[in-house]
Chemist: 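Pasting a structure here, questions to come.
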There are 2 protein chains.
Amino acid sequence: MDNDTRHIFFSFFNEIGILAQLSRAAMEARLPKGLTLPHFSVINHLIRVRDGQTPLTLAKAFQVPKTTMTHTLNGLLDHGFVEMRPNPEDGRSKTVWLTDPGRRFREDAIRSIDPEIADLQKAIPAERVAALLPALAEIRVFMDAYRD
Amino acid sequence: MDNDTRHIFFSFFNEIGILAQLSRAAMEARLPKGLTLPHFSVINHLIRVRDGQTPLTLAKAFQVPKTTMTHTLNGLLDHGFVEMRPNPEDGRSKTVWLTDPGRRFREDAIRSIDPEIADLQKAIPAERVAALLPALAEIRVFMDAYRD
DNA sequence: ACTATATAGTTCGATATCGTACCAATAAGG
DNA sequence: CCTTATTGGTACGATATCGAACTATATAGT
């Protein structure tokens with residue numbers, strides 16, 4: 001393979017990795033101690049998509065092993081941000097539901113991160129970020145499918 | 001803040017996070033057991049930029065805490081992929097140098113990941129990925145500077 | 001129905017990551 | 001010089017992540 005071509009892809013994934021670290025650090029600096037980006041992301045996902053999903057569905061949505069999702073959900077349970085109910089359609093499974101404190105946690109987190117997003121938006125307009133999304137999603141879909 | 005605007009940025013960072021996980025998993029599946037993406041990335045960086053850099057310089061380049069870089073470098077030392085020499089310009093500091101096994105490790109890793117990159121390139125041409133780099137770098141630079 | 005296989009979730013152990021505290025060497029200010 | 005503050009690196013403890021093995025339930029094939 002061409003050195004330049006390889007370097008483009010390596011640079012891309014390097015930027016991705018650094019951005020992931022930076023965004024995670026930025027988010028967690030604004031969250032109450034003991035809560036991490038995955039905690040927020042799961043709550044946010046339950047709001048945006050809908051609650052009542054199974055742990056495995058959530059693990060797939062975030063591309064993490066199911067053991068990791070178990071751990072994240074346990075943290076949310078400890079804080080009372082979600083509750084588990086049996087899955088009426090499958091006795092092995094559970095469903096995850098938001099609680100009122102969980103919704104408040106999301107609202108507080110969003111309120112405290114909003115100013116930073118506003119600052120970022122001044123430097124990089126939302127339209128420019130939106131323009132990146134299709135390509136990123138395309139790469140993500142390809143890589144996800146490629147794993148098998 | 002506008003819900004749609006916020007959602008654009010959240011979606012962006014969500015894609016970033018998932019891509020980081022997928023790329024890391026893909027890379028580590030091809031590396032010898034016990035070696036991680038940061039191990040490879042540091043070696044690759046020492047080749048691309050140049051060796052003889054200090055641990056702190058490397059930590060800043062990858063945006064990780066210096067304790068994390070210490071840990072990563074210890075792993076590379078254990079494998080004999082790098083060696084440390086005192087920094088002649090600063091008695092507190094060290095410099096990191098590649099060894100021949102370290103260079104071989106990089107070559108082997110690249111050889112084994114190249115086919116996957118080639119497949120990815122069929123789906124997403126290198127030019128399209130290259131087109132994303134400036135915006136990603138811009139966002140990364142902004143977020144890096146913003147931390148203070 | 002019965003056995004074999006697959007799937008959802010947890011437990012457990014290994015390790016990567018990171019913050020705090022610490023040590024040693026440098027730099028800065030008198 | 002001498003004190004104080006800063007900086008490069010490490011040690012240590014806490015926790016996030018993840019693979020392997022396990023349990024319980026569901027599905028498939030006969």
Side-chain angles (χ1 to χ4, degrees), chain A residues 17-18 20-42 52-79 82-96 147-148, chain B residues 17-18 20-42 52-79 82-96 147-148:
Chain A
I18 292 177
Q21 276 170 324
L22 288 170
S23 66
R24 175 171 200 141
M27 188 74 200
E28 292 184 356
R30 301 281 170 162
L31 294 180
K33 185 170 174 93
L35 291 164
T36 63
L37 178 61
H39 289 130
F40 171 80
S41 299
V42 167
Q53 303 188 53
T54 70
L56 192 58
T57 302
L58 292 169
K60 284 178 181 157
F62 288 97
Q63 304 288 4
V64 296
K66 55 187 182 174
T67 56
T68 301
M69 187 51 64
T70 296
H71 185 260
T72 302
L73 290 173
N74 278 335
L76 292 173
L77 283 168
D78 289 346
H79 284 84
V82 298
E83 59 184 30
M84 298 284 209
R85 301 180 204 155
N87 185 346
E89 298 171 3
D90 189 332
R92 296 165 298 181
S93 180
K94 299 178 175 178
T95 56
V96 185
R147 289 192 297 176
D148 328 320
Chain B
I18 291 177
Q21 276 171 324
L22 288 171
S23 65
R24 177 172 199 138
M27 188 74 200
E28 292 183 357
R30 300 283 169 162
L31 293 180
K33 181 164 178 101
L35 290 164
T36 62
L37 178 60
H39 290 132
F40 171 79
S41 299
V42 167
Q53 303 188 52
T54 70
L56 193 56
T57 302
L58 292 169
K60 283 178 181 156
F62 288 97
Q63 304 287 5
V64 296
K66 54 186 182 174
T67 57
T68 301
M69 187 51 63
T70 296
H71 186 262
T72 302
L73 290 173
N74 278 334
L76 292 174
L77 283 169
D78 288 347
H79 283 84
V82 298
E83 59 184 30
M84 298 286 208
R85 301 181 203 156
N87 185 346
E89 299 172 2
D90 189 333
R92 295 165 298 184
S93 181
K94 298 178 175 178
T95 56
V96 184
R147 288 192 297 175
D148 329 317

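Chain letters run A, B, ... following the sequence lines, proteins first and then strands; every chain starts at 1. Basis for what follows: all heavy atoms, side chains included, without hydrogens, waters or symmetry-related copies.
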Chemist: In whole angstroms, how far is the C1' atom of dA25(C) from the CD atom of E89(B)?
Modeler: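 About 15 Å, once rounded to whole Å.
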Chemist: Between H71(B) and dA16(C), is there a side-chain N or O to OP1/OP2 distance below 4.0 Å?
Modeler: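 For dA16(C), OP1 or OP2 has a side-chain N or O of H71(B) closer than 4.0 Å.
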Chemist: If you assign each of R24(B) and G91(B) to its closest nucleotide in DNA chain C, which residue comes earlier from the 5' end?
Modeler: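 Final value for this comparison: R24(B).
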Chemist: Starting from P on dT17(D), measure out to CD on Q21(B) and report it in whole angstrom.
Modeler: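 After rounding, the gap between these two atoms is 8 Å.
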Chemist: Is the distance from OP1 or OP2 of dG9(D) to the nearest side-chain N or O of S93(B) less than 4.0 Å?
Modeler: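 For S93(B), the contact criterion (side-chain N or O under 4.0 Å from OP1 or OP2 of dG9(D)) is met.
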Chemist: So does T36(B) get a side-chain nitrogen or oxygen closer than 4.0 Å to the phosphate oxygens (OP1/OP2) of dA16(C)?
Modeler: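 Result: no.
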Chemist: Nearest whole angstrom, please: distance from the P of dG19(D) to the CG of L31(B).
Modeler: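 Distance, rounded to whole Å: 14 Å.
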Chemist: Which residue lies toward the 5' end of DNA chain D, T67(B) or H39(A), if each is placed at its nearest nucleotide?
Modeler: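 That would be T67(B).
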Chemist: Return no unless some side-chain N or O of T70(B) is found under 4.0 Å from OP1 or OP2 of dG9(D).
Modeler: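 For T70(B), the contact criterion (side-chain N or O under 4.0 Å from OP1 or OP2 of dG9(D)) is not met.
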Chemist: Can you check whether any acceptor in the base of dT26(C) is under 3.5 Å from a donor in the side chain of R92(B), or vice versa?
Modeler: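 Donor-acceptor pair under 3.5 Å: no.
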Chemist: Return the value, rounded to whole Å, for the distance between atom CZ of F62(A) and atom P of dA16(D).
Modeler: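 Nearest whole value for this atom pair: 16 Å.
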Chemist: Take atom CD of E28(A) and atom C1' of dT17(C), then tell me their distance rounded to the nearest Å.
Modeler: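 Rounded to the whole Å, the gap is 11 Å.
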Chemist: When you measure from the side-chain N and O atoms of T68(B) to the phosphate of dC18(C), is any distance below 4.0 Å, counting only OP1 and OP2?
Modeler: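 It does, given that an N or O in the side chain of T68(B) lies less than 4.0 Å from OP1 or OP2 of dC18(C).
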Chemist: Counting the atoms with a prime plus P, OP1 and OP2 as sugar-phosphate, which does N87(B) contact under 4.0 Å by heavy atoms, base, sugar-phosphate, or nothing?
Modeler: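 Answer is nothing: N87(B) stays at 4.0 Å or more from every strand.
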Chemist: Is the phosphate of dG19(C) approached by K33(A) (side-chain N or O, under 4.0 Å from OP1 or OP2)?
Modeler: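 It does not, given that no N or O in the side chain of K33(A) lies less than 4.0 Å from OP1 or OP2 of dG19(C).
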Chemist: Just N and O in the side chain of K66(A): are any of them under 4.0 Å from OP1 or OP2 of dG19(D)?
Modeler: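 Indeed not, no polar side-chain atom of K66(A) lies that close.
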